[in-house]
Engineer: 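First, the structure itself, so that you have it in front of you.
Positions are given from 1 along the sequence.
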Amino acid sequence: MAKQGKATVLDPRQHEQFLSFLATTRQAKQNKAIYLLGYRAGLRVGSIAGLLLNDVLDASGNLKEVVELRKDIVKNRSNYAAYLSHPELRAALHEYLADRPLTEVPNLFVSQKNTPFSANALAHKMHKLFREGGFEGASSHSMRRSFATNAVRAGVDIVTLKTLMNHASIQQTSEYVFTNPEHLKNAVCSM
């Protein structure tokens, strides 16, 4: 696992390994959906914890492709759009929603105690899952850093990524992207 800065970045092979591990966990569908909201949509754990069911479902009960994140669940209190368009994320959300317990709790994710997760509780849950899965050094922030790194490697420009991550500056966004000597060598060879 590559590490630079505060949180480990999962490469595609490790992503698949973590998904395989999550399939063996209690609340597997919920855990996978939470993970993929960070890994495939770049959401912060606080935003994931604060999502309401009606944030992600339209009036007909269909999963939205674009979610307007409310300023009360976003760092720096500025609304922005999150894109739930990645096929892997959409499939995980559909699976979770089909299995979500019936409850009066309006949040998308509900704890075993039938309460919404706080950002802190969800961060602890993900840290514990990464540790139990053998991914030392990974945390909920790894999901977001992996999203940024994958986006750049897929050819997304830094300005677009800045917008997707709701960052104030390109400098802030660049700190999320992991590079290693092999990636740098391949970049020079491809020019």
Side-chain angles (χ1 to χ4, degrees), residues 1-2 7-58 61-67 69 73-74 81-103 105-151 153-154 164-165 176 178:
M1 232 174 314
T8 299
V9 171
L10 277 68
D11 65 31
R13 180 183 55 80
Q14 292 161 329
H15 166 67
E16 291 302 324
Q17 289 172 339
F18 191 61
L19 286 176
S20 293
F21 165 73
L22 288 177
T24 69
T25 62
R26 190 173 180 191
Q27 298 182 308
K29 292 176 185 176
Q30 181 186 75
N31 294 338
K32 182 178 180 182
I34 292 167
Y35 167 69
L36 289 174
L37 279 166
Y39 189 87
R40 293 294 188 194
L43 297 186
R44 290 178 178 92
V45 72
S47 296
I48 296 170
L51 281 173
L52 301 177
L53 199 54
N54 66 10
D55 288 333
V56 300
L57 298 177
D58 65 21
N62 297 314
L63 185 62
K64 296 176 183 177
E65 284 200 16
V66 181
V67 172
L69 296 176
I73 66 168
V74 175
Y83 296 86
L84 310 182
S85 51
H86 193 282
E88 184 179 42
L89 171 58
R90 292 188 69 74
L93 286 169
H94 281 296
E95 288 176 18
Y96 167 68
L97 288 166
D99 199 44
R100 183 182 180 272
L102 293 176
T103 178
V105 177
N107 291 65
L108 176 60
F109 297 108
V110 182
S111 74
Q112 292 178 11
K113 296 177 182 176
N114 196 35
T115 60
F117 284 100
S118 67
N120 194 40
L122 200 55
H124 282 289
K125 175 183 175 93
M126 292 312 299
H127 185 262
K128 181 179 183 227
L129 288 168
F130 279 119
R131 192 178 64 247
E132 289 174 354
F135 293 87
E136 292 298 324
S139 69
S140 60
H141 207 57
S142 296
M143 304 176 317
R144 193 161 155 84
R145 290 197 70 225
S146 297
F147 170 79
T149 299
N150 292 335
R153 290 189 181 159
L164 289 171
M165 296 187 74
Y176 279 71
F178 172 78

Engineer: So Asp11 and Gln17, side chain to side chain contact (heavy atoms under 4.5 Å, CB included) or not? Walk me through it.
Structural biologist: CA-CA 10 Å; Asp11 65 31; Gln17 289 172 339; over 6 Å; no
Engineer: For residues Ser142 and Thr8, report the shortest heavy-atom separation together with the two atoms involved.
Structural biologist: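 It is OG-O, 2.6 Å.
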Engineer: Please state whether the rings of Phe18 and Phe135 are parallel, tilted or perpendicular, taking 30° and 60° as the class boundaries.
Structural biologist: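 The arrangement is perpendicular - the two ring planes meet at more than 60°.
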Engineer: At what distance, to the nearest 0.5 angstrom, does OG of Ser20 lie from NZ of Lys32?
Structural biologist: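 That separation rounds to 9.5 Å.
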Engineer: Which value, rounded to the nearest 0.5 Å, describes the distance between Ile48 atom CD1 and Met143 atom CE?
Structural biologist: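 The distance works out to 4.0 Å.
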Engineer: Of the options Val74, Ile34, Leu37, which is the one that meets Leu43 in a side chain to side chain contact (heavy atoms under 4.5 Å, CB included)?
Structural biologist: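 Only one option passes, and that is Leu37.
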Engineer: Are the side chain of Asn150 and the backbone N or O of Ser146 linked by a donor-acceptor pair below 3.5 Å?
Structural biologist: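 Yes: the side chain of Asn150 pairs with the backbone of Ser146.
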Engineer: Once you round to the nearest 0.5 Å, how far does OH of Tyr39 lie from NE2 of His86?
Structural biologist: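 If I round to the nearest 0.5 Å, the distance is 8.5 Å.
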Engineer: Kindly write out the residues that satisfy side-chain contact (heavy atoms from CB on, under 4.5 Å) with Leu164, not counting sequence neighbours, or none if the list is empty.
Structural biologist: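 Partners of Leu164 under the side-chain contact (heavy atoms from CB on, under 4.5 Å) test: Tyr83, Phe147, Thr160.
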Engineer: Side chains of Leu108 and Leu97: does their closest heavy-atom pair fall under 4.5 Å?
Structural biologist: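 Of all side-chain heavy-atom pairs linking Leu97 with Leu108, at least one is under 4.5 Å.
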Engineer: Counting N and O atoms only, with roles assigned by atom type, does the side chain of Asn31 sit under 3.5 Å from a partner on the main chain of Gln27, one being a donor and the other an acceptor?
Structural biologist: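 Here the side-chain-to-backbone pair exists.
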Engineer: Quick one: are Lys128 and Arg131 in side-chain contact, heavy atoms under 4.5 Å?
Structural biologist: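 Yes - at least one pair of side-chain heavy atoms lies under 4.5 Å apart.
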Engineer: Considering non-hydrogen atoms only, spot the tightest contact between Ala138 and Leu10 and give its length.
Structural biologist: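 Distance-wise, the nearest heavy atoms are CB-CD1, 4.4 Å.
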Engineer: Just by modelled atom types, is the Val110 backbone N or O under 3.5 Å from a matching donor or acceptor in the Asn107 side chain?
Structural biologist: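 No, the answer is negative, given that no donor and acceptor are paired below the 3.5 Å cut-off.
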Engineer: Pair up each side-chain donor or acceptor in residues 116-123 with any protein partner under 3.5 Å, not counting sequence neighbours, and list the distances.
Structural biologist:
unit_1	atom_1	unit_2	atom_2	d
Ser118	OG	Ala121	N	2.9
Asn120	OD1	His124	NE2	3.3

Engineer: Looking only at atom types and distance, does a side-chain atom of Arg144 sit under 3.5 Å from a main-chain N or O of Gly42, one as donor and one as acceptor?
Structural biologist: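 Side chain of Arg144 to backbone of Gly42: a pair is present.
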Engineer: Main chain of Leu84, side chain of Arg90: is a donor-acceptor contact present, judged purely on distance under 3.5 Å?
Structural biologist: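 Between the backbone of Leu84 and the side chain of Arg90 there is a qualifying donor-acceptor contact (under 3.5 Å).
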Engineer: Taking all heavy atoms of Val9 and all of Gln14, pick out the closest pair and write down the distance.
Structural biologist: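 Scanning both residues, the minimum pair turns out to be O-OE1, 3.8 Å.
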Engineer: What heavy-atom pair brings Val66 and Ala81 nearest, and what distance separates the two atoms?
Structural biologist: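 Looks like CG1-CB, 3.8 Å.
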Engineer: When rounded to the nearest 0.5 angstrom, what is the spacing between CG in Leu51 and CG in Leu69?
Structural biologist: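 Result: 6.0 Å between the selected atoms.
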Engineer: Working to the nearest 0.5 angstrom, can you tell me the gap between Gln30 CD and Leu93 CG?
Structural biologist: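 The CG atom of Leu93 is 11.5 Å from CD of Gln30, to the nearest 0.5 Å.
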Engineer: Between Ser111 and Thr115, is a side-chain hydrogen bond (donor to acceptor under 3.5 Å, both in side chains) present by the stated rule, with each step listed?
Structural biologist: CA-CA 5 Å; Ser111 74; Thr115 60; 2.8 Å; yes
Engineer: Where is the tightest heavy-atom contact between Arg100 and Val105, given as atom of each residue plus distance?
Structural biologist: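 Smallest heavy-atom distance, with atoms named: NH2-O, 2.9 Å.
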Engineer: How far apart are the closest heavy atoms of Tyr35 and Met126, and which atoms are they?
Structural biologist: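 So the minimum-distance heavy-atom pair works out to CB-CE, 3.9 Å.
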